[in-house]
Amino acid sequence: MMRLQIFIGGLLFLLPLFARSQSIHLEQRVDSLLGLMTLEEKVGQLHQISSDFAATGPITHEGEKQDRVRQGKVGSYLNVTGAERTRSLQSIAMQSRLKIPLLFAQDVIHGYRTIFPLPLAEAASWDLKAIEQSARIAATEAAAVGIHWTFAPMVDISRDPRWGRVMEGAGEDTYLGSLIAAARVKGFQGKGLGSLDAVMACAKHFAAYGAAEGGRDYNTTDMSLRRLHEVYLPPFKAAADAGVASFMNSFNDISGIPATAHAYLQRTLLKGDWNFKGLVVSDWGSIGEMINHGYATDTADAAKKAIVAGSDIDMESRAYVGQLIDLVKRKEIPESVIDEAVRRVLRKKFQLGLFDDPYRFSDEAREKAVWNDPAHRKAAREMAKKSIVLLKNEPIKSTGKPLLPLAADKKIALIGPLVKAIGDNNGFWSYSWPDDSVRIVSLWKGMENKLGSAKNLIYAKGCELSGTDTLGFAAARTAARQADIVVVSVGEAGNMSGEAKSRSEIRLPGLQEQLVRELVATGKPVVVLISAGRPLVFNWIADNAPAILYTWWLGTEAGNAIAEVLFGDYNPSGKLPMTFPRSEGQIPIYYNHFNTGRPFKSDSDNIYVTAYTDLPNSPLYPFGYGLSYTMFEYGKIELSADTMTAGGSIKAKVKVKNTGSYAGEEVVQLYIQDVAASLVRPVRELKAFEKIRLMSGETIEVAFTITEKELAFYREDLRLAAESGRFHVFVGGNSQATEQAIFHLK
Ligand code: BGC
């Protein structure tokens, strides 16, 4: 026994050496292949083109793409789908001189065959394990059809719900966003590149894309380096630390420099300080677009600026393939710059095992096996339930009890333009399959599934999603009057949020709010379901409807998940990952803002304070907010000490009691404020959270450990460090938590 232990111990000791020799071996393989390549073949590796399937930008049909592949002049493809197609394209690459396999990339953002909730919706679960699992399943399905690389996760922080791409990220908070970024990377990459069910992940869009001015997609951004480091970069760093295989840069400029040619971001920080060994891909056409930015005079200038700044692959600009060879020949850039980028591409192809078997991912049998895996649907349903946020649930007159959950024996009028929607449930960045009409569970179908039949359900559409037609109102009112309870389903169309989907007004489109008013006016209790890819503005509904569930877009299992929540089979536990404004005029609105020199105080009539004359400063619903069918009571915060010494720690303990009559989950959130420092600090910042489940009547004590890490910030010299002084700690169920304690850092 002893000898065996010693033997195993010896092996463990050798493991790092083994890993090192593996990586030396990899570098040798990369270098020896590079040595065989012509300049044309090298540049080919940096050229990425799209097949016509699911394109997101204009495709220039110059020449025959497949001929180029045959000549070894294409390194990667995006938007090729299906094991058969990836295999057949790969076989063309195998006819090239050096037989360097193609990489196949795809935007697998929230599922491939099985569609999960929008990434923003998943963020509302605050459940990192479930989020990782969602990415894991997406990777399993995508890898089986020959996809090697997903352009996800999007880790852009955004404080602007007008920006259509908020649906694709994790919301406004840097801390939560960083944890989710890491979870998604781990999910996509599974046991690591080379595993047959793993795809390369891609942290995008580097950087600050979510800060587009006016919330208008692709717009300019301008900010201090400190804000960039403090708010926008940490999720990228978290992705890099989690081993993300690639980064994508972004369409925007940052204080005058397009991200695509941002040498500080890509060379100094990412490939320098962060020691990132993966590859950097441009966004679609973003190299060529630097001419429009006014940053490059022509395509050659754009290509030169991008490669010098560290963009390795050119997605669809055709600037590299058209210009890099001449640029090297004219000695405007050294070949070593090209070599460095090509090495990054080859390294990934080796790590994926493509040189050993270029077809190893394109597997029709595996594609079939994962295509309709019931475990995937089950996970999608669980994720969908966890993503729903209960915004309001007031007692109604007839029972004196909160309207939700519903009793199964009631007559329910299901009204609204989204009740029978199918494809919309998938939201933006998802794939349509021929059997969608039977596979995707609409709200109507989900309710029918839950109740066993539609005999207690009445349907009326009420109105269209947009337009001004009131013809359906009368039938909707009649349906409401025939029922005990009204459930109205309103929102955006599935493709109203997403890329290039910025909106200046984020109200319910068309006459949907009026439809809700008509239904509330019938006197029947009304549950409002709001489906959207972003926070919407819906003040009248918030004030007048007794119950509201925010249902985002929940994917393949949407209807089943909503029905389970409506009837209380699942007690909602979601918490908003973004602040919900009262009006577009409040945007940007986020909880971790600065205080200003003239903060607003509700108990003072001084008007010379930071405020609107026509609106409160407060949001409609704060970050971190979400109700449950049960209630949670927070005790006082107990700190283990009132002073923390440098390098030390403090424990903050809080008792949380479930005082309601249902078992339920609560996300216990800890916020910290650095009261006075060498730079102005936010009024509070999320620093930790724990999701707990409590039975009715149960009390759980939650303990958080606070160290200097939680207190540190980017100081004027951009060094991350904590400063001594007073700190406030808040613990509660949302970002307006009032339970407070104080300690000092010595
Ligand atoms: C988007 C990227 C996406 C790429 C490829 C671009 O328009 O900004 O996020 O990965 O298209 O589809």
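Order of appearance sets the numbers: ligands from 1, and atoms from 1 within every ligand.
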Give the atoms of ligand 1, by number and element, whose distance to some non-hydrogen atom of [X] is under 4.0 Å.
X: Met248; answer: 2 (C), 10 (O)
X: Leu78; answer: 5 (C), 12 (O)
X: Phe151; answer: 10 (O)
X: Phe251; answer: 6 (C), 7 (O), 8 (O)

Less than 4.0 Å between a side-chain N and a carboxylate O, is that true for Glu340 and Arg267? yes

Side chains of [X] and [Y]: does their closest heavy-atom pair fall under 4.5 Å?
X: Asn425; Y: Trp553; value: yes
X: Ser311; Y: Gln266; value: yes
X: Arg439; Y: Asn372; value: yes

For atom 10 (O) of ligand 1, tell me which residue out of Asp107, Asp283, Asp217 has the closest non-hydrogen atom. Asp107

For atom 1 (C) of ligand 1, which of Gln48, Met154, Glu499, Met315 has the closest heavy atom? Glu499

For residues 270-277, please give each side-chain donor-acceptor pair under 3.5 Å, one per line with the distance, not counting sequence neighbours.
unit_1: Lys271; atom_1: NZ; unit_2: Gly310; atom_2: O; d: 2.8
unit_1: Lys271; atom_1: NZ; unit_2: Asp312; atom_2: OD1; d: 2.7
unit_1: Lys271; atom_1: NZ; unit_2: Asp312; atom_2: OD2; d: 3.2
unit_1: Asn275; atom_1: OD1; unit_2: Lys277; atom_2: NZ; d: 2.7

Kindly confirm or rule out a cation-pi arrangement of Lys501 over Phe428, judged by NZ or CZ under 6.0 Å from the six-membered ring centre and within 45° of its axis? no

What I want to know is whether [X] and ligand 1 share at least one N or O pair that is separated by under 3.5 angstrom.
X: His205; result: yes
X: Arg165; result: yes
X: Lys204; result: yes

Salt bridge (charged side-chain N to carboxylate O under 4.0 Å, His left out) against Asp217, all qualifying residues, sequence neighbours excluded: none

